[in-house]
Amino acid sequence: MRNQEVSRIFAAMADILAIKSASVHRIRTYRRASENVASLGRPIDELWGADQLDTIPGIGKTLASKIDELMRTGRIEAYQKLKAEVPAGVVAMLQIPGVGAKRVALFWNTLGVTTVDDLAQAARDGRVASLPGMGARSQEELLAGIEMLGRRTDRMLLGIAWPLARDMLGALREAPGVVRAIPAGSLRRRRETVGDLDLLVAAEGPDPDGAAIARSVMDRFCGLPQVAEVLLSGITKSSIRTHDGLQVDLRVLEPARWGTALQYFTGSQAHNIRLRSIARERGLSLSEYALQRDDGSQILCATEEQVYGALGLPYIPPELREDRGEIMAAQNGRLPQLVQIEDLLGDLHMHSTWSDGHQSLLEMARAAQAHGLSYAVVADHTWSLGVVRGLTADRLRAQRHAIAEANRELGGGFRLLAGAEVEIRADGSLDFPDEVLAELDVVVAALHSGLRQSREQVTSRVLGAIRNPHVDIIAHPTGRLIGEREAADLDMEAVFQAAAETGTALEVNSWPKRLDLRDAHVRRAIELGVMLSVGSDAHHGSGFSDLAYGVATARRGWATVADVVNVWPAERLLEWTSRPGAS
DNA sequence: GCCGTTTTCGGCCCGACTGTTTTCAGTCG
């Protein structure tokens with residue numbers, strides 16, 4: 001799987017071309033190609049093998065031939081040439097906040113600096129301030145930016161960023177004149193990680209242009225307890241840095257322009273560029289403030305539906321706005337009806353104090369019920385995972401009695417189903433024999449060890465589990481932990497095909513750190529006819545709220561209710577687990 | 001470099017903020 005390698009090379013080529021002052025459109029082409037390859041969801045090697053590289057959006061003849069060259073020879077001559085032209089240390093200067101390609105070229109060409117350290121020294125010597133367009137102030141900013149490089153934070157998990165945004169917005173809602181306050185940007189699109197937060201506030205007040213109200217909201221924002229540093233503060237836009245290093249941008253606008261503003265600040269950039277092209281075709285110019293006709297008259301949009309409507313499109317849910325075909329789907333009336341959190345009737349993956357959970361069966365059941373579910377599968381770990389007190393066959397049977405008792409206690413309003421999160425062991429076997437699995441309502445199987453095995457080994461383990469007639473769901477299939485652990489080196493195409501054949505569901509695990517399957521895999525799985533289970537993996541009653549992240553990930557993969565098994569009532573689910581060939 | 005109801009050339013989104021500037025260039029999203 002060489003998607004990341006191709007993506008990285010194209011991004012690097014874009015950087016170098018920018019420093020060389022190539023056409024901005026050509027540079028953008030490389031960046032877009034880089035992003036599209038990274039979010040492909042299937043191995044680029046396969047597309048290459050099938051001579052289908054040109055089916056990737058933004059990949060034409062030239063880039064396809066470069067990928068082909070990489071696959072055949074292991075290198076891209078044009079990339080090697082570019083790298084030889086611009087020293088790596090010069091390219092690295094692009095990472096400095098406030099420094100773009102033009103300034104990098106300026107520093108390199110006039111000061112002769114070829115590393116960030118050299119550049120810092122030049123700034124300390126005062127040589128930067130004398131450059132055209134630079135001054136004492138920008139020299140200071142440059143040094144501060146270089147300083148920042150060292151303590152830059154990684155992208156933040158969705159599950160951490162979301163509550164942070166919620167808290168900040170809660171405080172802003174109390175400011176006078178604020179009528180709406182929500183997160184925009186990648187957070188609203190529910191990307192698995194976010195690089196910054198974009199907050200959007202609609203405010204109105206007594207003064208005609210709303211400037212005083214906007215100012216007061218900005219002041220409140222810059223004074224929030226989370227703020228470590230104010231980066232910039234204008235009348236429509238302010239940026240701060242939080243104590244944990246996350247940049248947060250706030251925009252304030254009038255309610256009448258909410259639709260265009262929300263649409264614009266939600267992005268993605270690629271989606272917006274495409275949308276604005278469509279506007280141009282209709283003689284309109286789209287900005288965050290309005291749709292403007294050629295004669296200068298404006299169409300104000302208070303809702304996003306109006307924005308899309310004016311462009312002849314239905315509303316496109318934020319999770320789809322990545323320029324991955326959603327606009328064409330919208331034009332053709334083929335947008336998917338995405339699954340919603342309210343559609344989930346059950347959760348097929350939760351734990352209790354019987355293994356490593358923190359609450360009893362009854363407590364977990366009541367928490368699930370409080371989250372709007374009507375059933376949940378008790379899927380505690382099994383004995384091979386000794387560190388979490390995994391269940392032996394005897395304890396598993398004892399647990400079934402406890403589940404029956406809990407169900408009596410719960411009355412008819414909620415139902416616990418008997419299951420287990422069975423280990424797929426390093427040798428490929430499951431840690432319970434078929435006759436034990438056959439006694440369970442739902443069997444979840446998962447990898448927890450041996451994740452670094454060879455592609456052949458680890459893939460064959462998962463395929464074996466999928467083909468076991470008792471196994472209903474594969475939990476967190478790739479085992480990745482975002483920012484901590486790479487996914488196992490699985491042949492995902494083979495996994496999807498086997499799961500589609502056997503009717504085994506693949507989980508979209510809702511833990512913010514997992515989100516596994518990830519969005520691109522969800523989309524590919526659906527294309528191949530795989531059923532999904534959005535699982536909370538809750539170890540505590542509060543864990544069911546993570547389902548929102550799992551649903552968001554499924555939505556980013558274009559999942560509808562028809563693709564998800566836990567939208568079914570318990571009876572239908574049980575029919576499915578006892579399907580032909582299943583236990 | 002890509003792409004096509006503007007179709008093989010000539011387009012390619014739009015605006016805020018900042019600093020160094022007397023009208024703009026660079027960066028960012």
Side-chain angles (χ1 to χ4, degrees), chain A residues 10 13-14 17-19 21-34 36 53-67 78 93-107 128-142 144-145 184-187 189 194-200 214 218 230-239 247-253 257 260-261 263-292 307 311-312 323 328 331-332:
Chain A
F10 284 166
M13 292 178 79
L17 287 168
I19 293 169
S21 295
S23 143
V24 290
H25 304 295
R26 188 171 165 221
I27 295 163
R28 202 175 75 198
T29 299
Y30 274 92
R31 291 206 198 289
R32 187 165 125 73
S34 166
N36 288 341
L53 287 173
D54 58 0
T55 62
I56 305 169
I59 302 283
K61 270 206 174 88
T62 307
L63 292 186
S65 79
K66 287 186 165 60
I67 297 171
M93 293 177 195
L94 284 172
Q95 300 306 312
I96 305 167
V99 174
K102 293 282 174 14
R103 289 197 179 142
V104 167
L106 179 71
F107 299 150
V128 169
S130 58
L131 295 173
M134 304 294 286
R137 187 69 205 272
S138 24
Q139 184 169 263
E140 274 174 43
E141 292 292 312
L142 176 64
S186 50
L187 196 62
R189 301 198 311 278
V194 299
D196 62 10
L197 299 188
D198 288 295
L199 307 183
L200 202 58
M218 290 303 184
V230 177
L231 301 175
L232 62 89
S233 179
I235 195 70
T236 63
K237 171 181 173 173
S238 292
S239 292
Q247 182 172 328
V248 185
D249 298 340
L250 171 69
R251 337 266 171 155
V252 180
L253 59 127
R257 301 181 192 271
T260 38
Q263 194 290 314
Y264 173 65
F265 291 119
T266 297
S268 67
Q269 196 171 19
H271 175 89
N272 285 357
I273 287 173
R274 203 161 278 273
L275 217 55
R276 287 176 178 206
S277 295
I278 293 175
R280 298 296 298 261
E281 289 165 13
R282 298 182 156 233
L284 295 166
S285 167
L286 174 62
S287 78
E288 55 265 54
Y289 297 103
L291 279 156
Q292 185 162 313
V307 180
L311 302 178
D323 190 22
M328 187 177 281
Q331 286 171 326
N332 298 334

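Throughout, protein chains are lettered first and strands after them, A, B, ... in sequence-line order, and every chain is numbered starting at 1.
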Inter-nucleotide C1' distance (dG26(B), dT21(B)), Å rounded: 13 Å

Sugar-phosphate, base or nothing in reach of S239(A), heavy atoms under 4.0 Å: nothing

Separation of the C1' atoms in dC9(B) and dA16(B), to the nearest angstrom: 34 Å

Gap between atoms CD and C1', on E140(A) and dT20(B) respectively (whole Å): 14 Å

Rounded distance (Å) that lies between atom P of dG15(B) and atom CG of D249(A): 19 Å

Nearest-Å distance for atom pair CG/C1', residues L231(A) and dC17(B): 12 Å

Pair partner, dC14(B) [Watson-Crick or wobble, under 3.5 Å]: dG29(B)

5'-most by nearest nucleotide on DNA chain B - M134(A) or G58(A): G58(A)

Salt bridge (charged side-chain N to carboxylate O under 4.0 Å, His left out) partners of R137(A), counting only residues at least two apart: E141(A)

Side chains of L286(A) and L284(A) in contact at under 4.5 Å (non-hydrogen atoms): no

Inter-nucleotide P distance (dA25(B), dT20(B)), Å rounded: 16 Å

Nearest-angstrom distance from the residue atom CG of L200(A) to P of dA16(B): 14 Å

With sequence neighbours excluded, residues passing side chain to side chain contact (heavy atoms under 4.5 Å, CB included) with Q139(A): A123(A), V128(A), A129(A)

Test ring-ring contact (aromatic ring centres under 6.0 Å, His included) applied to Y30(A) - qualifying residues, sequence neighbours left out: F10(A)

Between P of dG29(B) and CG of L187(A), the distance in whole Å: 16 Å

Length of the line joining E141(A):CD and dC28(B):P, which is rounded to integer Å: 12 Å

Inter-nucleotide P distance (dT6(B), dC12(B)), Å rounded: 14 Å

Contact check, side chains of L291(A) and L311(A), non-hydrogen atoms, under 4.5 Å: yes

Sub-4.5 Å side-chain heavy-atom contact between K237(A) and L232(A): yes

Sugar-phosphate only, base, or nothing, as touched by A261(A) at under 4.0 Å among non-hydrogen atoms: nothing

Pairwise P distance for dC14(B) and dT8(B), with rounding to whole Å: 24 Å

Counterpart residues, salt bridge (charged side-chain N to carboxylate O under 4.0 Å, His left out), relative to D323(A) (two or more places apart): R32(A), R274(A)

Any protein N or O atoms within reach of nucleotides 23-26 of chain B? Criterion: under 3.5 Å, listing atom names and distances.
none

Spacing between I27(A) atom CD1 and dC2(B) atom P, to the nearest angstrom: 15 Å

Counterpart residues, salt bridge (charged side-chain N to carboxylate O under 4.0 Å, His left out), relative to R28(A) (two or more places apart): none

For Y289(A), all residues meeting side chain to side chain contact (heavy atoms under 4.5 Å, CB included), sequence neighbours excluded: T236(A), R257(A), S287(A)

Selection from dC2(B), dT6(B), dC17(B) that lies nearest to any side-chain heavy atom of T62(A): dC2(B)

Value in whole Å for how far the P atom of dC2(B) lies from OH of Y30(A): 7 Å

Rounded P spacing from dC3(B) to dC13(B) in Å: 14 Å

Closest-nucleotide ordering on DNA chain B, the 5'-leading residue of G60(A) and K237(A): G60(A)

Those residues that, when tested against R189(A), pass salt bridge (charged side-chain N to carboxylate O under 4.0 Å, His left out) (two or more places apart): E322(A)

Selected nucleotide, minimal atom distance to L232(A) side chain, candidates dG29(B), dC2(B), dT18(B): dT18(B)

Gap in Å between the two C1' atoms, one belonging to dT23(B) and one to dC17(B), rounded: 16 Å

Side-chain N or O of S233(A) closer than 4.0 Å to phosphate OP1/OP2 of dC17(B): no

Protein-to-nucleotide contact annotation, 5' to 3' order, nucleotides 8-14 of chain B [B base; S sugar-phosphate only; - none; under 4.0 Å, heavy atom]: ----BBB

Residue pair F265(A) / D249(A), side-chain heavy-atom distance below 4.5 Å: no

